[in-house]
Chemist: 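Here it is, the structure in full.
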Amino acid sequence: MISDVAYRPIGVFDSGVGGLTVCRKIAETLPAESIVYLGDTARVPYGSKSAATVIRYAGACAELLSARNIKLLVVACNTASAFALDTLRAQLSIPVVGVVMPGARAACKRSVSGRIGVIGTRGVISSGVYDATIRQIRPEARVVSAACPLFVPFAEEGWTEGDVITSVARTYLSGLLEKDIDTLVLGCTHYPMLRNVIAGVAGAAVHLVDSAEETACAVVNILEERGLLLTDAVRGTHTFLVSDSPDSFSATGAQFFGHALNQVEWLDVCVG
Ligand code: DGL
């Protein structure tokens with residue numbers, strides 16, 4: 001007998017549209033689950049903000065989603081996962097899933113040589129969270145990383161191909177590619193939107209890893225363990241909330257989510 005809690009939605013948040021790449025994987029893997037997604041578009045980017053600020057913003061997002069009676073929270077943002085995961089876990093009584101551990105796990109499984117590159121926001125790279133997590137799993141791994149702060153505004157604009165972004169990617173990746181990596185972690189949930197450009201610059205010998213699939217697996221495992229997994233034939237609903245104008249989010253978000261976002265509502269993140 002499935003408990004009433006199982007029928008509550010899964011909450012997912014990011015600073016903007018990037019987390020929709022994770023949301024999409026969860027929706028594809030678990031079609032019966034309802035999802036409430038919050039993009040904190042009024043305050044994007046998180047990646048250049050201090051840890052204290054990101055913890056505050058992440059706390060506000062978690063609180064707003066908790067008010068929607070969610071059963072599990074996915075922090076679909078590497079920056080918030082790096083800085084705020086422990087705080088959120090201490091504050092909330094529901095399970096909280098981040099994206100760093102799933103991404104690190106996928107990279108460790110995938111890499112043959114153990115030479116792993118990581119790209120992410122300034123916050124993620126300076127936190128050293130991927131270095132530490134990868135070495136925890138594969139102590140012999142050699143991790144090299146680079147911050148790519150311009151990638152997020154390109155992705156938010158839906159500007160995912162062309163000469164300009166290719167030249168930016170070449171500049172960001174050249175140092176990592178010199179180190180002969182065989183695996184590159186897209187350590188920001190916005191970056192899968194730039195996958196074609198990044199793959200083109202990195203070359204066929206470098207395998208790109210994004211955390212979406214492993215995060216969806218982590219969600220399945222936790223819900224299953226707790227008897228909260230819905231496997232009904234009925235499809236769940238998807239609600240999208242944003243803290244700035246819904247218009248541009250709807251347009252760009254559709255690219256990230258894979259199809260049109262039916263319902264995008266504005267939410268005041270400064271309240272509460
Ligand atoms: N998508 C986010 C991440 O994974 C945040 C990007 C940003 O707001 O700077 O870190």
Side-chain angles (χ1 to χ4, degrees), residues 11-26 37-62 65 73-85 87-88 96-104 106-107 117-131 133 145-160 165 168 172 184-195 198 208-216 218 240-244 248-249 252-253 255-257 269:
V12 182
F13 81 88
D14 178 40
S15 58
V17 288
L20 288 171
T21 55
V22 178
C23 188
R24 174 180 185 169
K25 239 334 148 214
I26 297 171
Y37 181 90
L38 170 58
D40 191 4
T41 47
R43 306 194 281 206
V44 67
Y46 281 11
S48 52
K49 310 261 177 357
S50 69
T53 298
V54 174
I55 291 172
R56 196 153 49 82
Y57 289 174
C61 291
L65 286 170
L73 178 68
V74 179
V75 182
C77 171
N78 288 266
T79 313
S81 296
F83 292 137
L85 204 62
T87 311
L88 295 175
V96 181
V97 178
V99 286
V100 171
M101 178 52 96
V118 179
I119 52 174
T121 63
R122 277 211 179 94
V124 164
I125 299 307
S126 65
S127 76
V129 69
Y130 270 102
D131 273 80
T133 313
S145 52
C148 306
L150 290 176
F151 279 175
V152 169
F154 273 103
E156 284 285 325
E157 285 294 322
W159 198 346
T160 57
I165 182 69
V168 171
Y172 279 147
L184 178 63
V185 180
L186 307 182
C188 171
T189 53
H190 281 71
Y191 298 177
M193 279 305 291
L194 308 174
R195 180 180 267 275
I198 296 170
L208 302 191
V209 163
D210 85 67
S211 47
E213 202 166 315
E214 288 274 339
T215 304
F240 302 94
L241 309 169
V242 286
S243 53
D244 198 11
S248 61
F249 181 88
T252 317
Q255 285 181 54
F256 280 67
F257 195 57
V269 288

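Counting convention: from 1, in listed order, for ligands and their atoms alike.
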Chemist: Checking Phe240 against Phe257 for the ring pair (Phe, Tyr, Trp, His ring centres under 6.0 Å) test, could you report, in this order, the C-alpha distance in whole Å, the side-chain angles of both residues, the deciding distance, and whether it holds?
Modeler: CA-CA 11 Å; Phe240 302 94; Phe257 195 57; 5.2 Å; yes
Chemist: Can you check salt bridge (Lys or Arg N to Asp or Glu O under 4.0 Å) on Asp210 and Arg195, steps first, answer last?
Modeler: CA-CA 9 Å; Asp210 85 67; Arg195 180 180 267 275; 3.2 Å; yes
Chemist: Mind listing the closest non-hydrogen atom pair of Ser243 and Ala42 along with its distance?
Modeler: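 Closest pair (atom of Ser243, atom of Ala42, distance): OG-N, 2.9 Å.
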Chemist: With heavy atoms of Asp14 as the reference, note each atom of ligand 1 found under 4.0 Å away.
Modeler: 1 (N), 2 (C), 5 (C)
Chemist: Please confirm whether Ser15 approaches ligand 1 to less than 4.0 Å, judged on its heavy atoms.
Modeler: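 Flag set, Ser15 near ligand 1.
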Chemist: Hey, which atoms in ligand 1 end up nearer than 4.0 Å to a heavy atom of Pro45?
Modeler: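 Listed by number with element, the hits are 7 (C), 8 (O), 9 (O).
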Chemist: Quick one: look up the protein heavy atom nearest atom 3 (C) of ligand 1 and list residue, atom name and how far away it is.
Modeler: Asn78 N, 3.2 Å
Chemist: For atom 10 (O) of ligand 1, which protein heavy atom lies nearest, and how many Å away is it?
Modeler: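 Of the protein heavy atoms, Thr79 OG1, 2.7 Å lies nearest.
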Chemist: Applying the side chain to side chain contact (heavy atoms under 4.5 Å, CB included) criterion to Asp14, which one of Cys61, Cys23, Cys77 satisfies it?
Modeler: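 Of the listed options, the one satisfying the test is Cys77.
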Chemist: By number and element, which atoms of ligand 1 are closer than 4.0 Å to a non-hydrogen atom of Thr121?
Modeler: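 Near Thr121, meaning under 4.0 Å from one of its heavy atoms, ligand 1 has 6 (C), 9 (O), 10 (O).
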Chemist: Which residue owns the protein heavy atom closest to atom 9 (O) of ligand 1, what's the atom, and how far is it?
Modeler: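 Ranking protein heavy atoms by distance from atom 9 (O) of ligand 1, first comes Gly47 N, 2.8 Å.
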Chemist: As an exercise, identify every atom of ligand 1 less than 4.0 angstrom from a heavy atom of Val44.
Modeler: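 What qualifies from ligand 1 is 8 (O).
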Chemist: If the contact criterion is a heavy-atom separation under 4.0 Å, does Cys77 count as touching ligand 1?
Modeler: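 Yes; Cys77 lies near enough to ligand 1 that a heavy-atom distance drops under 4.0 Å.
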Chemist: Using a 4.0 Å cutoff against the non-hydrogen atoms of Tyr46, which atoms of ligand 1 qualify?
Modeler: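 Ligand 1 atoms under the 4.0 Å threshold to Tyr46: 7 (C), 8 (O), 9 (O).
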Chemist: Does any N or O in the side chain of Tyr37 come within less than 3.5 Å of the main-chain N or O of Gly19, such that one atom is a donor and the other an acceptor?
Modeler: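 Indeed, once roles are kept as given, a pair shorter than 3.5 Å links the two residues.
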Chemist: Is the shortest heavy-atom distance from the side chain of Ile165 to the side chain of Thr160 under 4.5 Å?
Modeler: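 Heavy-atom side-chain distance check fails, nothing below 4.5 Å.
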Chemist: So, the side chain of Lys49 versus the backbone of Arg43: is there a donor-acceptor pair under 3.5 Å, distance only?
Modeler: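 Answer holds: yes.
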Chemist: Starting from atom 1 (N) of ligand 1, what is the nearest protein heavy atom, named by residue and atom, and what distance separates them?
Modeler: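 Sorting protein heavy atoms by distance from atom 1 (N) of ligand 1 puts His190 ND1, 2.7 Å first.
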Chemist: So if I count the atoms of ligand 1 from 1 in the order they appear, which ones are less than 4.0 Å from some heavy atom of Cys188?
Modeler: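 Result: 1 (N), 2 (C), 3 (C), 4 (O), 6 (C), 10 (O).
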Chemist: Where does the angle between the aromatic ring planes of Tyr191 and Phe151 fall among parallel (under 30°), tilted (30 to 60°) and perpendicular (over 60°)?
Modeler: perpendicular
